[in-house]
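The structure appears right after this line, and notes come after that.
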2 protein chains.
Amino acid sequence: MEKHSTGYFGSDGINCDWNDMEKAAISAISRSLIEIAWYFGPQGLNGECCENLTLPEFIALDKVSTTPHCAVQDVGHALGFTKSGATRIVNRLEKKGYVQKLKSHEDGRICCVEITKSGERVLSSADSRYLEQFHTIAEKMPEYTVADTVKLLTAMAKALKG
Amino acid sequence: MEKHSTGYFGSDGINCDWNDMEKAAISAISRSLIEIAWYFGPQGLNGECCENLTLPEFIALDKVSTTPHCAVQDVGHALGFTKSGATRIVNRLEKKGYVQKLKSHEDGRICCVEITKSGERVLSSADSRYLEQFHTIAEKMPEYTVADTVKLLTAMAKALKG
DNA sequence: CAAAACAAGTTGACATCGTCAACATTCTGT
DNA sequence: ACAGAATGTTGACGATGTCAACTTGTTTTG
């Protein structure tokens with residue numbers, strides 16, 4: 001459970017998963033992770049998930065669309081932003097017409113952010129774009145089926161949250 | 001080969017890998033990808049690969065360390081930046097003492113960017129940090145061995161470049 | 001060989017984007 | 001009712017990348 005907290009290069013050979021990999025191969029893992037993160041991240045795909053939507057905006061919009069009575073801070077938490085940053089990204093989405101802000105009836109301090117029809121359209125379009133990208137990549141991995149790749153990535157995403 | 005170029009939601013059932021997944025599951029893939037990209041990307045890990053190094057800086061430093069006679073623009077290409085942006089990120093690394101610029105002897109226009117000892121140290125430290133993160137995540141995926149996960153991610157990273 | 005075209009790198013002006021701190025407004029607990 | 005806490009907004013700011021114009025050095029071409 002805590003075996004990695006004191007270093008994963010442990011040379012004692014006990015409780016270490018990395019024994020049979022040389023340092024070079026290990027380093028390759030972090031490069032792969034970064035490669036993937038960079039490719040699908042904020043700078044990848046020409047810096048936009050689809051026309052008119054950056055990656056943080058996509059994530060924010062997704063959060064709004066999947067959260068009933070979504071507060072501004074909920075968006076902030078999804079992104080790891082401060083409440084100030086949350087306000088700003090929600091405002092941007094509002095200016096683009098993808099969300100609207102409504103005062104909550106239960107709590108006057110809270111803004112309920114809701115996705116608009118236009119927002120749903122662009123969200124789905126961005127989704128498609130990512131899927132297309134993924135499909136293209138998956139095709140270049142003949143040693144894996146698409147289903148297997150999807151399964152592992154899904155498990156990994158789930159592990160990130162847990 | 002070209003089956004996805006006309007849409008991967010094809011309903012004809014021919015040449016379509018997505019048949020047996022509902023739309024929700026498909027959408028989950030792009031969410032997983034984004035989850036991963038966000039986690040390991042520029043905003044993840046507190047916005048720094050390790051103390052004093054952002055993700056673009058890490059990538060730049062890695063490029064420098066693996067490219068003999070690395071020109072400023074080589075760094076730019078690795079990141080998808082303009083030559084102007086490349087100049088700026090190299091300058092930042094230089095100011096931090098992680099690289100140094102030398103005029104090329106073969107071509108007076110070119111700056112050979114070289115990593116310093118201090119740069120190598122921080123690069124390795126950032127590497128470790130990523131590895132640690134990965135290890136933590138991998139532990140939360142009991143259905144896969146670390147080796148299998150590594151293998152797939154490596155294949156995926158390779159596919160991105162190809 | 002000289003002039004034009006091209007390529008590498010730098011720089012000033014600028015746009016974007018997120019943080020910090022201070023603030024207004026609205027709840028909550030006692 | 002009142003102190004304290006929570007939500008959200010805003011001005012000032014810093015970080016970061018682009019664009020266009022420029023300098024310098026190389027290559028091509030007539």
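Naming: A, B, ... by sequence-line order, numbering from 1 per chain.
- Shown here for H69(B) and D74(B), the closest heavy-atom pair between the two residues is O-OD2, 4.2 Å.
- At the heavy-atom level, K101(B) lies under 4.0 Å from the strands shown only through sugar-phosphate atoms.
- Rounding to whole angstrom units, NE2 of residue H69(A) and C1' of dT7(D) are separated by 17 Å.
- Within the 4.0 Å cut-off from OP1 or OP2 of dC20(C), not a single side-chain nitrogen or oxygen of S84(A) is found.
- Comment: E120(A) engages K117(A) in a salt bridge, judged by a side-chain N to carboxylate O separation of less than 4.0 angstrom.
- Between the CD atom of E106(A) and the C1' atom of dT25(C) there is a distance of 18 Å, rounded to whole Å.
- At the phosphate of dG18(C), OP1 or OP2 sits under 4.0 Å from a side-chain N or O atom of R92(A).
- With dT10(D), dT11(C), dC27(C) as the choices, the nucleotide that has an atom nearest any side-chain atom of R88(B) turns out to be dT11(C).
- Taking atom CG of L53(A) as the reference point, atom C1' of dT16(C) lies 15 Å away to the nearest angstrom.
- Comparing D107(B) and G80(A) by the nucleotide of DNA chain C whose heavy atom lies nearest to each, the residue mapping closer to the 5' end is D107(B).
- Applying the 4.0 Å criterion to OP1 and OP2 of dA15(D), one finds that K95(B) has every side-chain N and O outside that range.
- Following rounding to the nearest Å, I110(A) (CD1) and dT26(C) (P) show an atom-to-atom distance of 13 Å.
- Counting non-hydrogen atoms under 4.0 angstrom, A71(A) reaches the backbone sugars and phosphates but no base.
- As a whole-Å value, the separation of R109(B) CZ from dA8(C) P is 6 Å.
- The CG atom of L55(B) sits 18 Å away from the P atom of dA15(D) (whole-angstrom rounding).
- Between V146(A) and F134(A) there is a side-chain heavy-atom pair separated by less than 4.5 Å.
- An OP1 or OP2 oxygen of dG17(D) is reached within less than 4.0 angstrom by no side-chain nitrogen or oxygen of T82(B).
- Summarising the geometry, the separation between CD1 on I89(A) and P on dT10(D) is reported as 16 Å, rounded to the nearest angstrom.
- Looking at E57(B) and K96(B), a side-chain N of the basic residue comes within less than 4.0 Å of a carboxylate O on the acidic one, giving a salt bridge.
- Side-chain contact check for I115(B) versus L93(B): every heavy-atom pair is 4.5 Å or farther apart.
- Take the nearest nucleotide of DNA chain C for F81(A) and for G85(B): the residue whose nucleotide is more 5' is G85(B).
- Here K83(A) does not reach the OP1 or OP2 of dG18(C): none of its side-chain N or O atoms lies under 4.0 Å away.
- At whole-Å resolution of the value, CD in Q73(A) and P in dG18(C) are 16 Å apart.
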